[in-house]
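Naming: A, B, ... by sequence-line order, numbering from 1 per chain.
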There are 2 protein chains.
Amino acid sequence: MTVGTTGGRRERLRAETTAEIKRVALKLMASGGPDAITLRAIAREMGMTANAIYGYFATRDDLVTTLINEVYTALADTVDAAWAQAPAGRPAGRIQAWARAFRGWALANPEGFRLIYGDPVPGYQAPEGGAAPDAAYRVCTGIAALADAAWPHAGHLHAHGDFQWSDFDDGLLGKVRPAFPDLPPAGVALALRLWGHLHGLVSLEVYGHLRTQTVDPDKLFQEELTQLVRSLGLEPGD
Amino acid sequence: MTVGTTGGRRERLRAETTAEIKRVALKLMASGGPDAITLRAIAREMGMTANAIYGYFATRDDLVTTLINEVYTALADTVDAAWAQAPAGRPAGRIQAWARAFRGWALANPEGFRLIYGDPVPGYQAPEGGAAPDAAYRVCTGIAALADAAWPHAGHLHAHGDFQWSDFDDGLLGKVRPAFPDLPPAGVALALRLWGHLHGLVSLEVYGHLRTQTVDPDKLFQEELTQLVRSLGLEPGD
DNA sequence: TACAGAAACTTCACGCCGTATAGTCTCCTC
DNA sequence: GAGGAGACTATACGGCGTGAAGTTTCTGTA
């Protein structure tokens, strides 16, 4: 018979082991990069056999998918919190807070960033259906919120490109859209371009393609953010 | 004794084999992603033993480094050509041509793009000293040229951030700088931000983080480019 | 309390990988 | 035609993910 009852000793142990596997995997990734996530290394660290992990995760890719979900969630939590903490009355400040939180998280968790946005793990193939859907959804909502906050000021500067709703309906933004009824198609396009700016600089920085060219990425990002906010018709804070 | 004489049969065969190894490696990468670059797979394809490749490349990483150099060079050639072909008198047109060439190449060679700008191959560690120096230098020069062409129009819009030469001297841009004597530190910062914009959107697109959000990245990139050019104080062409 | 069965874990095995070492064959040069 | 350099193979080692089968440990029920 299945155990069924909640709080059973077995279930507790199982949950702890599962957590330890993930913890060790993240530790290995932090110290040795995404390549270091191997079942054998994890098992070694835990004093187990590699095959024992198959009792908790069907395949290595399954484990990686889980990790991505959790890391993605941590990112979403970070940027959401930064957004929520900034006063709602000042769109520029909120956008800057969101962007800084995003960059800060990425620099503090470069392996996590790679795991989410790069070629993560040798041979890993993201599953079709529900990979990191919730966190991706939340980050996406955050981006849309940026554009929504700026749109009243930036709209007249960016109402180009002849975008249609059909350009976005299939994607994540299509699902996020109802939450921002005042955002027209051009506003959604603006959101994506904002996302491109922020992700672009941060990605260059995390992957080290900036280090070879400038000593002070901090100042550069600050300037980018200032210009970005200005281009939205807002006055940058601090 | 070493052969010494040029045009020797042995040398010719050797050069051909070297070329074939690289050709097969690129083919494997194109069909199976960067993961597919394995010495054994290459050798299998060529009817050889994996160890035979060690006669041509010291290690697998050596082979990958060579591939990166060549792919990087192809990219540099592409964007350089696009830049040179566009009339020098119209900065906006040149910038758009460069950017479109960059995106076009990236979309046509997604694995190559990953090889250069992403986490390329499982376990691969780029060598310290002279990895892809020439092509990187050329792409960097291209970026600086973009900023240089736009600076007379964009300067007054972007002369912020209090940048110093010391922010760039150590990097690639420091070495490129003499070629653009009229570009001030803020102009170099602008170049890096331009690069961030272009790289950012293209990278999102290549890695598929855009596909989940919009159906028509083409239109989006077009719009981004238009706004970018406009933000430089230029009038976008076509 | 004894026992059946589920769950956790190990052992063994297979085929992949990079790579080190030693040996073989072929062709060029003197 | 002999010597040697260069191209390539055979074999082996350790690491990887993963499948199948076996062993131990725990747990709910009779």
### A/Phe113/A/His199 aromatic ring centres below 6.0 Å
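Aromatic pair counts; centres sit under 6.0 Å.
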
Listed partners of [X] passing salt bridge (charged side-chain N to carboxylate O under 4.0 Å, His left out), at least two apart:
| X | answer |
| --- | --- |
| B/Asp148 | none |
| A/Arg94 | none |
| A/Glu45 | A/Lys27 |

### Task
Name every residue in residues 15-28 of chain A that has at least one heavy atom under 4.0 Å from any atom of DNA chain C, in order of residue number, or write none if there are no such residues.
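Within this stretch, nothing sits under 4.0 Å of the strand.
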
Mind calculating the distance between [atom1] ([X]) and [atom2] ([N]) to the nearest angstrom?
| X | N | atom1 | atom2 | answer |
| --- | --- | --- | --- | --- |
| B/Ile53 | C/dG18 | CD1 | P | 8 Å |
| B/Ile42 | C/dT19 | CD1 | C1' | 14 Å |
| A/Leu13 | D/dC26 | CG | P | 9 Å |
| A/Arg12 | D/dC26 | CZ | C1' | 13 Å |
| A/Met48 | C/dT11 | CE | P | 12 Å |

### Query
Which residue pairs pass the salt bridge (Lys or Arg N to Asp or Glu O under 4.0 Å) test with at least one member in residues 67-76 of chain A, sequence neighbours excluded?
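Pairs touching residues 67-76 of chain A that pass the test: A/Lys22-A/Glu70.
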
Please list, for nucleotides 16-20 of chain D, all pairs of protein and nucleotide N/O atoms separated by less than 3.5 Å.
unit_1 : atom_1 : unit_2  : atom_2 : d
D/dC16 : OP1    : A/Thr38 : OG1    : 3.4
D/dC16 : OP1    : A/Arg44 : NH2    : 3.3
D/dC16 : OP2    : A/Arg44 : NH2    : 2.5
D/dG17 : OP1    : A/Leu39 : N      : 2.9
D/dG17 : OP2    : A/Leu39 : N      : 3.2
D/dG17 : OP2    : A/Arg40 : N      : 3.3
D/dG17 : N7     : A/Arg40 : NH1    : 2.2
D/dG17 : O6     : A/Arg40 : NH1    : 3.2
D/dT18 : OP2    : A/Tyr54 : OH     : 2.9
D/dT18 : OP2    : A/Arg60 : N      : 2.7
D/dT18 : O5'    : A/Tyr54 : OH     : 2.8
D/dG19 : O6     : A/Asn51 : ND2    : 2.1
D/dA20 : N6     : A/Asn51 : ND2    : 3.2

For [X], all residues meeting side chain to side chain contact (heavy atoms under 4.5 Å, CB included), sequence neighbours excluded:
| X | answer |
| --- | --- |
| A/Glu16 | A/Arg12, A/Leu13 |
| A/Ala76 | A/Ala135, A/Arg138, A/Val139 |
| B/Arg23 | B/Glu20 |
| A/Pro110 | A/Val206 |

### Task
Would you please confirm or rule out a distance under 4.0 Å between OP1 or OP2 of C/dA7 and any side-chain N or O of A/Arg14?
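No.
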
### Message
Within the 4.0 Å heavy-atom criterion, would you say A/Tyr56 contacts the bases, only the backbone, or no part of the nucleic acid?
### Response
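It contacts sugar-phosphate atoms only.
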
### Message
I'd like to know if the side chain of B/Thr59 and the backbone of B/Asp61 have a donor-acceptor N/O pair within less than 3.5 Å.
### Response
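Yes, the answer is positive, given that a donor and an acceptor are paired below the 3.5 Å cut-off.
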
Below 3.5 Å between N/O atoms, which protein atoms pair up with nucleotides 21-24 of chain D? Just atom names and distances, please.
none

#### Entry: Any residue meeting ring-ring contact (aromatic ring centres under 6.0 Å, His included) with A/Phe102, in chain and number order, not counting sequence neighbours
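If we apply the ring-ring contact (aromatic ring centres under 6.0 Å, His included) test to A/Phe102, skipping adjacent residues, the hits are A/Trp98, A/Trp195.
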
